[in-house]
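In what follows, a structure is listed as structure tokens, so that the remarks can point back to it.
Below, each value reflects all heavy atoms present in this structure, side chains not excepted, and no hydrogens, waters or symmetry copies. Residue indices begin at 1 and follow the sequence shown.
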Amino acid sequence: MSKITRRELLRLTSTVIVGNALVGCSKAPENHPIIMNPDKPVVTLQGRTLPSDAAPLEKQILYEPASEPRHLDISRDIYGAGVAIGWGGEPLLRRDANQNLVPAMAESYKAGEKAEYWDFVIRKDARWSDGVPITADDWVFTFRHLASPNLDNPWTWFFYDIKGIQALKEGKGRPENVGVEALDDRTIRIYGEDGAIPHLPSLLAYQAAVPTPKHKAENNPEHWADTAEGFVSSGPMRLLSWEHNQRLEWDTNPFYNGPHKPGIQRLIQIVGAPTLGWFISWLNKEIDCIGILQPQELAQVRNNIELEKYLHSFNNFQTEYLSLNCLRPPFDNLKLREALSHAIDREPFCNKVMLGTRIPAFSMLPPDFPAHNSELKSVQDFSIEKAKALLAEAGYPNGKDASGKQLVLEMFSNGRDVALEYVKDQWERYLDINVNLRIVENGVWAAQQAQHAMPLYRGQYEYDFLDPANMLTRLWRSTSEQGSPRHAWRNSNFDELVTQAGREINDQTRINLYQQAERSLVEDVGGIFLTHMVTHQVWYPYLTGFEPDKNGNVVFRYLDISRFQMYIRNDVDQWRGKK
């Protein structure tokens, strides 16, 4: 069940495509039998006994959409190796359906004194898919590898809380100074950069925090994972073949002895969206599931009695916001930033434009995310009265400065963006200002973002590990006079609070500190928060086995163990036909 690249801007449209032209493609089989056979259980090659309604092993095949990878070196670049996430790499820990940490490659872990380091014990007899043992030395090598200044890892900063990682990446340190050491063949000790590192277990459940095989990568760090023949897996599946720009095929890793043995025995990843998109492929049962429905696809599902049965939804931990260069005019004016934050009516945008694929956001941390504070809603709420009064206090009554000159804001996008179009309309309508929405090529946009050269653009961020350190500290804490790596905003109170929270080992105190920090972010309008994502997805009933969460929701969360729970039911041929 592959996911569309999370950092890629969604293709949005305000036009609702509703029709019945494709209803025939989605018709379910009638009176298809589900045979329960407890006397002849299906047992996988890894030793997992599947439920009594499971199809035989030869039919435990999942077809999922995928993007052509650049390579399969997950720890070096999670997006370059996206197809291998989960299936071909195993972190030390994972998340269950209720987002609790559970063992993966590590059978146990514990904090050192004041959480200044953590020890992780690799399970006995863990092996790569070529049979070579996975050892603590592999993990020591991994962190030196992912932080190498000679490699193109754009996400090394995720691990900067680990001692020596940032220095090595920036060419100021040495590999042997990275704070990851092997105590014995199965025990890894990992140190924090600045003392306590209480969120390290959450960080190491991140999907790119997987080991790199020292025996493969040490002599060829850049290209060891460029081919199916060269790649070896630490995860539950192993790669069989890779036909570039067409498909990848996987089967179960015969050496995997961990806790997350998949029901799926063969994985077919179809590369490249068809001309008509993945939704048509799903309707035609060429793929088994879609992890994220676009607004127009959701509209079609909701307007079809049969398709609606296959809809699953949950509030995802992703936030969209406006990023402003708060260090330069005109956005160095707090009153102006406050005025703009109050002049956006988020409800109609979420419900009518985005068709329920978003909910309004008034802060960075989404509902149900650790440290989320619902009291922050009033800080950037929609209020024309507040907005106009603050705009006047900012020196722009009725959208004009003291000389009568119209205020013009420059806003940047890397493609058509209905969110920015909506914001432009709101500000021009309610505040009588002009907004120049400029569309630039994607590479130019990315370069200007890195250089803090755009005064205003839309940012979005989906969590990678379930801790406020992920969505607050690394994203917003200043690392230079220019702000954080992503945002031209500085706030010393915020920086001090998140730094203090990152060293605090008492959970409640940590949460309180993060909540204070987020209040500083919202009140200082470091960003104008727009929406949180609601994920809608579809799959047919023959794909089953997902464990309900504590609220009874049956969903596929890309960052937990759902993919290993799923299996194919024995009525699959009646649904998708024989392939």
Side-chain angles (χ1 to χ4, degrees), residues 1 34-64 74 84-98 100-109 120-135 138 185-186 205 207 210-211 213 228 231-241 248-269 288 542-548 554 556-557 560-572:
M1 188 174 291
I34 303 173
I35 302 171
M36 311 298 284
N37 195 349
D39 296 329
K40 295 183 178 180
V42 176
V43 181
T44 72
L45 299 178
Q46 294 171 335
R48 174 182 168 185
T49 300
L50 298 182
S52 58
D53 62 348
L57 290 183
E58 64 269 19
K59 294 183 179 181
Q60 293 295 330
I61 305 173
L62 178 71
Y63 294 84
E64 71 170 9
I74 304 171
I85 295 171
W87 302 115
E90 183 168 59
L92 292 164
L93 304 170
R94 294 190 190 270
R95 294 273 179 183
D96 67 10
N98 293 313
N100 298 311
L101 288 171
V102 294
M105 186 173 289
E107 65 180 22
S108 64
Y109 63 101
F120 297 84
V121 180
I122 299 171
R123 67 173 178 271
K124 186 179 180 181
D125 296 327
R127 294 179 181 273
W128 297 99
S129 58
D130 60 359
V132 174
I134 301 175
T135 69
D138 285 308
D185 283 348
R186 293 175 52 206
Q207 286 188 314
V210 301
F231 174 73
V232 293
S233 168
S234 61
M237 306 288 280
R238 67 176 175 181
L239 184 62
L240 297 177
S241 65
L248 295 91
E249 295 194 20
W250 305 68
D251 72 352
T252 53
N253 177 358
F255 295 101
Y256 181 78
N257 66 344
H260 306 300
K261 299 176 177 65
I264 299 300
Q265 299 297 287
R266 198 171 186 90
L267 172 67
I268 311 296
Q269 295 176 318
D288 296 318
Y542 62 79
L543 183 63
T544 187
F546 300 98
E547 179 184 338
V554 178
F556 172 77
R557 288 186 180 270
D560 68 18
I561 62 175
S562 304
R563 71 179 72 239
F564 310 118
Q565 297 170 342
M566 67 174 78
Y567 64 91
I568 303 298
R569 207 168 61 185
N570 59 28
D571 62 336
V572 60

Please step through side chain to side chain contact (heavy atoms under 4.5 Å, CB included) for the pair Trp87 and Leu62, ending with a clear verdict. CA-CA 12 Å; Trp87 302 115; Leu62 178 71; 4.0 Å; yes

Report the C-alpha separation of Gln60 and Leu50 in whole Å, then their side-chain angles, then the decisive distance to 0.1 Å, and conclude whether the side chain to side chain contact (heavy atoms under 4.5 Å, CB included) test is met. CA-CA 10 Å; Gln60 293 295 330; Leu50 298 182; 3.9 Å; yes

As a quick check of understanding, evaluate side chain to side chain contact (heavy atoms under 4.5 Å, CB included) for Asn253 and Met237, giving each step before the final call. CA-CA 5 Å; Asn253 177 358; Met237 306 288 280; 5.7 Å; no

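Taking the side chain as every heavy atom from C-beta outward, Arg127 and Val132 never approach each other to under 4.5 Å. Contact check for Glu90 versus Arg123: side-chain heavy atoms found under the 4.5 Å cut-off. Within the 4.5 Å cutoff, the side chain of Val210 has no heavy atoms near those of the Met105 side chain. Taking the side chain as every heavy atom from C-beta outward, Thr49 and Val42 never approach each other to under 4.5 Å. Within the 4.5 Å cutoff, side-chain heavy atoms of Asp53 are placed close to those of Tyr567.
In terms of heavy atoms, Leu239 sits closest to Phe231 at CB-CD2, 4.1 Å. Residue Pro259 comes nearest to Ala104 through the heavy atom pair CD-O, 3.6 Å, listed as atom of the first residue, atom of the second, then distance. Phe556 and Ser562 make their closest contact through CD1-CB, 3.5 Å (heavy atoms, listed as atom of the first residue, atom of the second, distance). Residues Ala97 and Pro548 come closest through the heavy atom pair CB-O, 4.3 Å. The two residues Ile74 and Gln207 come nearest to each other via the heavy atoms CG2-O, 3.8 Å. Taking all atoms of both residues into account, the shortest heavy-atom contact from Trp128 to Asp138 is NE1-OD2, 3.3 Å.
Using modelled atom types, no side-chain atom of Asn98 and backbone atom of Asn100 make a donor-acceptor pair closer than 3.5 Å. Within the 3.5 Å criterion, the main-chain N or O of Ala55 finds no donor-acceptor partner in the side chain of Glu58.
Between Phe564 and His260, the ring planes lie parallel to each other; the angle is under 30°, not in the 30° to 60° tilted range.
A distance of 11.0 Å separates CD1 of Ile264 from OG1 of Thr252, quoted to the nearest 0.5 Å. Taking NZ of Lys261 as the start and CZ of Arg48 as the end, the distance is 10.0 Å to the nearest 0.5 Å. Annotation: the span from Thr135 atom OG1 to Arg186 atom CZ amounts to 11.5 Å, rounded to 0.5 Å. Between the CD atom in Gln565 and the OG1 atom in Thr544 there is a gap of 10.5 Å [rounded to 0.5 Å]. The line from CD of Glu547 to CG of Asp560 is 9.0 Å long, rounded to the nearest 0.5 Å. The line from NZ of Lys59 to CG of Asn570 is 9.0 Å long, rounded to the nearest 0.5 Å.
Surrounding CG of Asp185 are at most 12 heavy atoms belonging to other residues, nucleotides or ligands under 6.0 Å away.
In this structure, the ring-ring contact (aromatic ring centres under 6.0 Å, His included) partners of Phe120, at least two apart in sequence or on a different chain, are Tyr109.
Salt-bridge check for Asp251 with Arg238: passed, with a basic side-chain N closer than 4.0 Å to an acidic carboxylate O.
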